[in-house]
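Working notes, beginning with the structure itself.
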Amino acid sequence: IQSVKAYPTGRRVHGILDEFTTFSRGAGSFHSEMLTLRGLGLSAEIYLQTINGLIDVIGERPATTIIDQSDIVQMSGLSHEDSKTASEMIGTKTIRRVSGNVQGARFEDVSLNFQDYEVDILKPQKIASLPRDQQIVKVRGLRPEISLKVPYWDVEGLKELIDINPLEG
C-alpha cells in the first residue's frame, strides 16, 4: 500500500493475504490503510481460519474494517466460537409468514395475517460443521456462499505459475 501511495502508476494491484491473522500481528494501522484501497486501484483478498483470533490481535473495529474492505474473504476451519462470529457478520434475512382465515358459507370473510421475522443467513451450527473441503466465501457486494475449496495447484493455468505449497505438497 505504501509503495502504491509513494509511486502511483495507475496500475491495478490485487493483494492476496493468506494466514491473515498471523500477518496482522505486525500490521500496525493496516486497517486504516484499507480504507484508501479503492482510490489507489488496490483490492485485497484475505484468508481467515480464525475471526476471533484476528479480533484478539488487532481489536474488533479494525478487524471489521479489514473484513468489510476486502473484496474477497475466505473462511474455513472455523471453531464453534468463530462460527458464531461469522454467522453474526454474515447477518440475517427477513422471512414473511402469511396465515389466513376464511369464514362464512360463501367465503365472504377473509382475513390475512402477515408476520415478519429474522433468521440467520448461515447458522453457526452449519458453519461449524462444514467439511474440510468447503469454505465460506464472501465477495464484496454479494451474499456469502458456501463453496468447495480447490487448491491452486489443482487449477489448470495456475499450477504452472505458482510454486507448490511446501506444507501440503
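Throughout, numbering of the chain's residues begins at 1 and tracks the sequence.
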Residues forming a side chain to side chain donor-acceptor pair (under 3.5 Å) with Q103, sequence neighbours excluded: none
Contacts of S129 that satisfy side chain to side chain donor-acceptor pair (under 3.5 Å) - sequence neighbours left out: none
Derivation of the side chain to side chain contact (heavy atoms under 4.5 Å, CB included) call for I136 and I127: CA-CA 8 Å; I136 298 169; I127 296 169; 3.6 Å; yes
NZ on K149 to CD on Q134, rounded to 0.5 Å: 9.5 Å
Residues forming a side chain to side chain contact (heavy atoms under 4.5 Å, CB included) with [X], sequence neighbours excluded:
X	result
V98	R96, L112, F114
E81	N52, S79, K84
S147	Q135, V137
N113	S99

Heavy-atom pair of closest approach, residues S83 and P124: CB-O, 3.5 Å
Under 3.5 Å, sequence neighbours excluded: what are the donor-acceptor pairs made by side chains of residues 59-73?
from : atom 1 : to  : atom 2 : distance (Å)
T64  : OG1    : E60 : O      : 2.9
T65  : OG1    : R61 : O      : 3.0
S70  : OG     : I66 : O      : 2.7
D71  : OD1    : R38 : NH2    : 3.2
D71  : OD2    : A44 : N      : 3.1

If we only count heavy atoms from C-beta on, is the [X] to [Y] side-chain gap below 4.5 Å?
X	Y	answer
I146	L130	yes
M75	I51	yes
T50	L78	no
D109	V102	no

Side-chain cluster (under 4.5 Å, hydrophobic types only) that I95 belongs to, other residues: Y117, V119
Partners meeting salt bridge (Lys or Arg N to Asp or Glu O under 4.0 Å) with E118 (sequence neighbours left out): none
Sequence neighbours excluded, every pair satisfying salt bridge (charged side-chain N to carboxylate O under 4.0 Å, His left out) that has a member inside residues 123-144: R143-E145
Verify same cluster id: V139, L48 (apolar side-chain graph, 4.5 Å): no
